[in-house]
> 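Have a look at the structure that comes next, please.
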Amino acid sequence: MAAGGERPSGGARSFPPDLADSAGLWEEVVVEAPELLEGGPVEEVLGRLDRELVALHEVKRRLRELAALLLVGRLRRRLGLETASPTLHMCFTGNPGTGKTTVAMRMGELLYELGYVRKGHLVVASREDLVGQYVGHTAPRTREVLRRAMGGVLFIDEAYNIYRLDNERDYGQEAVELLLQTMESERGNLVVILAGYRDRMERFFSDVPGLGSRIAHHVDFPDYSLGELMAIARLMTREHRYRLSEEAEAALREHLRRRMRRPGFANGRSVRNALDRARMRQAVRIYEAVRRGRRLTAGDLFTIAGEDVEGRGLERGGARGGRGR
Amino acid sequence: MSERVVLGWRDDDLPVGFRWSGREPVGLYEPALAEFLGAVWEGRELVAYDLPALAHAFEHLADVYVSDPD
């Protein structure tokens with residue numbers, strides 16, 4: 001029996017220190033856990049991530065695992081089984097346009113809903129935001145970014161750029177030191193996500209002692225396949241209330257297939273750029289057609305045709321010519 | 001006349017114990033600082049009745065403005 005002969009309560013915050021002696025007794029204590037049931041705000045955030053991001057099954061699985069860990073951690077905390085703030089700093093590795101920033105944004109919302117941060121907002125920073133150009137310039141810049149991010153998620157893109165190991169006069173080291181201090185002292189108030197290419201992040205962790213050990217979760221974002229890029233394109237066109245004609249789909253697929261093999265390819269971002277150019281071409285095509293006396297239909301306004309997508313002229317050197325064929 | 005704005009809620013069940021509502025000035029993080037700047041607790045809610053004045057005071061505090069040399 002519990003101390004004092006009373007039955008332990010599921011809502012109690014005190015818990016016997018030696019669980020081995022009384023573990024059997026606590027098996028009968030029912031703990032209310034409405035947050036684990038379907039339809040809660042946490043599920044809503046994870047559902048939004050599912051809808052927003054094509055594929056990335058492994059990334060989504062990691063997020064669900066983390067959500068489960070933190071939800072159960074919250075229940076354990078209620079019983080006094082957990083007291084320390086968990087380390088939530090993360091590292092997102094992957095090529096550009098693989099969804100790291102979007103996931104970081106949802107991570108902030110998730111941690112807010114789970115009650116692990118007070119605000120849940122996302123602050124995106126890079127070397128330019130953190131590192132100054134003269135003595136005494138770096139600390140105030142870094143502190144200001146940290147202040148703005150407090151209570152939410154600080155996402156540092158291409159984090160390895162902060163610190164230039166080959167330049168001993170570089171002020172980046174000061175920013176890294178402040179960052180490390182804050183990651184430790186404000187563990188319960190700020191979540192830092194360091195992001196960038198995988199190989200460069202690994203080198204960064206080995207160059208900066210103490211950084212890697214402060215990162216609890218590593219998430220790798222793979223490149224998208226051609227089929228997934230097309231699914232992203234469909235999602236984006238739907239979001240912008242456009243429709244790709246059959247010819248446009250085929251042209252876009254071909255364009256992406258070629259684009260994937262060229263330097264500077266940026267996954268989802270390259271899809272977005274291709275669609276932005278297609279929308280531009282569609283607008284020019286409609287404009288010119290109406291001026292030539294063609295009757296305009298509502299369908300014209302939301303349909304992207306094959307000729308809008310090919311865009312070789314625009315790809316190479318900006319808007320060269322109207323139709324780009 | 002003065003609008004009642006809920007800046008955040010206290011919730012002892014949460015690991016962080018308090019959550020901001022999103023109506024608070026950008027960069028304001030500590031509830032105690034909001035109190036210092038004029039917010040009041042009403043039960044579990046941290047409330048401001050003059051949010052523009054509170055935001056203005058916070059901006060001064062955060063060194064957004066150049067300090068008066070006198």
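In this text the structure is predicted, and so the values were computed from the model without any measurement. Letters A, B, ... are given to chains in the order of the sequence lines, protein chains preceding strands, and every chain is numbered from 1.
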> Between A:R118 and B:E24, does the salt bridge (Lys or Arg N to Asp or Glu O under 4.0 Å) criterion hold? Intermediate values first, please.
CA-CA 11 Å; A:R118 288 178 174 178; B:E24 75 284 358; over 6 Å; no
> For the pair B:L14 and A:R74, evaluate side-chain contact (heavy atoms from CB on, under 4.5 Å) and give the outcome as yes or no after the intermediate values.
CA-CA 7 Å; B:L14 301 177; A:R74 208 166 94 171; 3.6 Å; yes
> Would you say CZ of B:R23 has more than 12 non-hydrogen atoms from neighbouring residues, nucleotides or ligands within 6.0 angstrom?
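It does not: B:R23 CZ has 12 such atoms or fewer within range.
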> Tell me whether the NZ or CZ atom of B:R19 lies within the 45° cone about the ring axis of A:Y112 and under 6.0 Å from its centre.
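Pair B:R19/A:Y112 counts as cation-pi.
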> Which atom pair, heavy atoms only, marks the closest approach of A:G151 to B:Y29?
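Heavy-atom minimum between the residues: CA-CE1, 3.2 Å.
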> Nearest 0.5 Å, please: how far is CG in B:L28 from CZ in A:R148?
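Between A:R148 CZ and B:L28 CG, I get 15.0 Å after rounding to 0.5 Å.
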> Write down the atom of B:P15, the atom of A:L114, and the distance for their closest heavy-atom approach.
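Looking at all heavy atoms of both residues, the shortest contact is CD-O, 3.8 Å.
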> Tell me if the CD atom of A:Q133 is crowded by more than 12 foreign heavy atoms within 6.0 Å.
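For A:Q133, atom CD is not crowded (no more than 12 foreign heavy atoms under 6.0 Å).
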> Quick one: what part of A:V123 sits under 4.5 Å from any heavy atom of chain B, side chain, backbone, both or neither?
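No part of it gets close to chain B.
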> Rounded to the nearest 0.5 Å, what's the gap from NZ on A:K119 to OG on B:S21? Could you check?
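The NZ atom of A:K119 sits 9.0 Å away from the OG atom of B:S21.
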> Does a sphere of radius 6.0 Å around CZ in B:F36 hold more than 12 heavy atoms from other residues, nucleotides or ligands, not counting ones at 6.0 Å or beyond?
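Open.
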